[in-house]
Undergrad: 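So that we are looking at the same thing, I have put the structure below in structure tokens.
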Amino acid sequence: MSSKEFKKLFGEVAKSHGFENAFGGWFKNCPESIVVLDLQKSNYGDYYEMNLKIYIQGIFGNSYSISKDLVKKDIGDVFTRQPLEYSSVLDFDTPMDDEKRKTGVVKLFSDFIVPFTDKALSKSGIKELADKGKITLLPAVKGELG
């Protein structure tokens with residue numbers, strides 16, 4: 001599977017889970033936050049890192065809208081990456097059968113991205129993710145969330 005085919009597959013799976021594609025990333029938008037997925041190509045090998053960013057509406061007086069900057073420039077109010085157990089799915093230096101890679105992407109979404117995003121779309125869910133150690137909130141962000 002080529003890198004281009006992989007990004008297409010990732011996008012199809014994202015879309016099937018309600019993510020919208022724009023500016024080279026995938027978004028889920030709600031009144032309390034925007035969740036952004038971005039595949040970042042490594043400069044050190046043939047692999048991607050999946051950046052997962054949460055932009056919390058109203059925090060520090062900010063009002064966010066879907067834009068290229070949310071994908072490519074900013075790191076969000078909360079930032080994390082894929083769990084280590086899914087890194088091999090994003091790594092083309094590791095030989096993997098195309099079907100296994102496809103299954104891995106589907107599993108990445110069903111087991112991690114979708115449940116995580118469902119929580120991350122609300123301020124109470126973001127606090128819950130932090131309380132469970134799934135994310136780390138910077139002190140200023142934690143203070144703004146209350």
Side-chain angles (χ1 to χ4, degrees), residues 1 3-4 6-94 96 100-146:
M1 175 178 298
S3 181
K4 186 176 180 178
F6 176 78
K7 283 189 89 168
K8 183 179 180 203
L9 166 67
F10 189 93
E12 289 169 356
V13 176
K15 186 176 180 180
S16 75
H17 288 287
F19 283 86
E20 175 187 336
N21 179 279
F23 307 106
W26 296 271
F27 296 83
K28 260 199 182 176
N29 190 6
C30 78
E32 291 189 37
S33 68
I34 299 175
V35 175
V36 180
L37 302 177
D38 170 41
L39 290 177
Q40 180 182 357
K41 181 76 172 80
S42 172
N43 291 329
Y44 303 102
D46 192 13
Y47 65 92
Y48 289 98
E49 293 289 351
M50 186 193 70
N51 298 326
L52 199 154
K53 308 170 193 181
I54 306 169
Y55 294 89
I56 305 166
Q57 297 292 7
I59 199 165
F60 307 112
N62 292 324
S63 177
Y64 298 105
S65 59
I66 293 174
S67 70
K68 185 175 183 176
D69 286 349
L70 297 189
V71 178
K72 299 299 178 191
K73 291 186 180 176
D74 298 328
I75 63 165
D77 299 309
V78 180
F79 177 89
T80 192
R81 288 199 160 141
Q82 76 280 350
L84 287 176
E85 63 263 29
Y86 297 103
S87 293
S88 63
V89 172
L90 305 173
D91 186 352
F92 290 89
D93 286 331
T94 303
M96 184 180 291
K100 186 175 180 184
R101 194 173 304 275
K102 181 178 180 180
T103 301
V105 171
V106 169
K107 192 168 172 46
L108 170 63
F109 272 88
S110 64
D111 294 356
F112 173 67
I113 294 172
V114 171
F116 183 95
T117 301
D118 287 348
K119 295 281 184 202
L121 289 173
S122 71
K123 291 177 182 176
S124 62
I126 292 167
K127 289 179 195 176
E128 184 180 328
L129 288 168
D131 290 344
K132 290 183 176 179
K134 303 286 184 188
I135 57 173
T136 301
L137 296 177
L138 296 173
V141 172
K142 191 173 187 174
E144 283 279 314
L145 281 176

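Position 1 is the first residue of the sequence, and the numbers go up from there.
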Undergrad: For Asp93 and Asp46, what are the C-alpha separation, side-chain angles and deciding distance, and is it a side chain to side chain contact (heavy atoms under 4.5 Å, CB included)?
TA: CA-CA 5 Å; Asp93 286 331; Asp46 192 13; 3.3 Å; yes
Undergrad: Verify the distance criterion only: is there a donor paired with an acceptor across the side chains of Asp77 and Tyr64 at less than 3.5 Å?
TA: yes
Undergrad: Report the distance from atom CD1 of Ile126 to atom CD of Glu32, rounding to the nearest 0.5 Å.
TA: 8.0 Å
Undergrad: Are Asn62 and Tyr55 close enough, and set up right, to give a side chain to side chain contact (heavy atoms under 4.5 Å, CB included), and what steps lead you there?
TA: CA-CA 9 Å; Asn62 292 324; Tyr55 294 89; over 6 Å; no
Undergrad: Search all heavy atoms of Ile66 against all heavy atoms of Ile34 and return the closest pair with its distance.
TA: N-CD1, 4.2 Å
Undergrad: Could you check whether atom NZ of Lys41 has more than 12 heavy atoms from other residues, nucleotides or ligands sitting under 6.0 Å from it?
TA: yes
Undergrad: Looking only at side-chain N and O atoms, does Ser87 offer a donor or acceptor that is under 3.5 Å from a partner on Gln82?
TA: yes
Undergrad: Nearest heavy-atom pair of Met50 and Ile113: which atoms, and what distance?
TA: SD-CD1, 3.5 Å
Undergrad: Check Asp111, Val35, Leu121, Ile54 against Phe116 for a side-chain contact (heavy atoms from CB on, under 4.5 Å) and give me the one that passes.
TA: Ile54
Undergrad: When you look at Tyr86 and Lys107, which way does the side chain to side chain contact (heavy atoms under 4.5 Å, CB included) test go after all the steps?
TA: CA-CA 9 Å; Tyr86 297 103; Lys107 192 168 172 46; 4.2 Å; yes
Undergrad: Salt bridge (charged side-chain N to carboxylate O under 4.0 Å, His left out) with Lys72: which residues, sequence neighbours excluded?
TA: Asp38
Undergrad: Please list all pairs passing the salt bridge (charged side-chain N to carboxylate O under 4.0 Å, His left out) test where one or both residues lie in residues 127-141, with sequence neighbours left out.
TA: Lys119-Glu128, Glu128-Lys132
Undergrad: Count the heavy atoms belonging to other residues, nucleotides or ligands that lie under 6.0 Å from NZ of Lys68, then report whether that count exceeds 12.
TA: no
Undergrad: Heavy-atom count around Lys28 NZ within 6.0 Å, excluding the residue itself: above 12?
TA: yes
Undergrad: If only side-chain N and O atoms count, and only distance matters, is there a donor-acceptor pair under 3.5 Å linking Tyr48 with Ser3?
TA: yes
Undergrad: Could you report the tightest heavy-atom contact between Ser65 and Leu70, atom names first, then the distance?
TA: O-CD1, 3.2 Å
Undergrad: How about Asn21 and Lys15: do any of their side-chain heavy atoms sit closer than 4.5 Å?
TA: no
Undergrad: I need the minimum non-hydrogen distance between Thr94 and Arg101, along with the two atoms involved.
TA: O-NH2, 3.2 Å
Undergrad: Looking at every non-hydrogen atom in both residues, tell me the closest pair between Trp26 and Gly11 and how far apart they are.
TA: NE1-CA, 3.3 Å
Undergrad: To the nearest 0.5 Å, what is the distance between OG (Ser42) and CD (Glu49)?
TA: 7.0 Å
Undergrad: NZ of Lys123 to CD of Glu144: how many Å apart, nearest 0.5 Å?
TA: 9.0 Å
Undergrad: Below 30° counts as parallel, above 60° as perpendicular, anything between as tilted: where do the rings of Phe92 and Phe6 land?
TA: perpendicular
Undergrad: Over all heavy atoms of both residues, which pair between Phe27 and Ser67 is shortest? Give the atoms and the distance, please.
TA: CZ-O, 3.7 Å
Undergrad: Which is it for Gln40 and Arg81 under the side chain to side chain contact (heavy atoms under 4.5 Å, CB included) test, yes or no, and what are the steps along the way?
TA: CA-CA 10 Å; Gln40 180 182 357; Arg81 288 199 160 141; 3.0 Å; yes
Undergrad: Quick one: does NZ or CZ of Lys53 land under 6.0 Å from the six-membered ring centre of Phe79, within 45 degrees of the ring axis?
TA: no
Undergrad: Between atom OG1 of Thr80 and atom CD1 of Ile135, what is the distance when rounded to the nearest 0.5 Å?
TA: 8.0 Å
Undergrad: Return the CG to CZ distance between Leu37 and Phe10, rounded to the nearest 0.5 Å.
TA: 5.0 Å
Undergrad: Less than 4.5 Å apart, any side-chain heavy atom of Leu108 and any of Val89?
TA: no
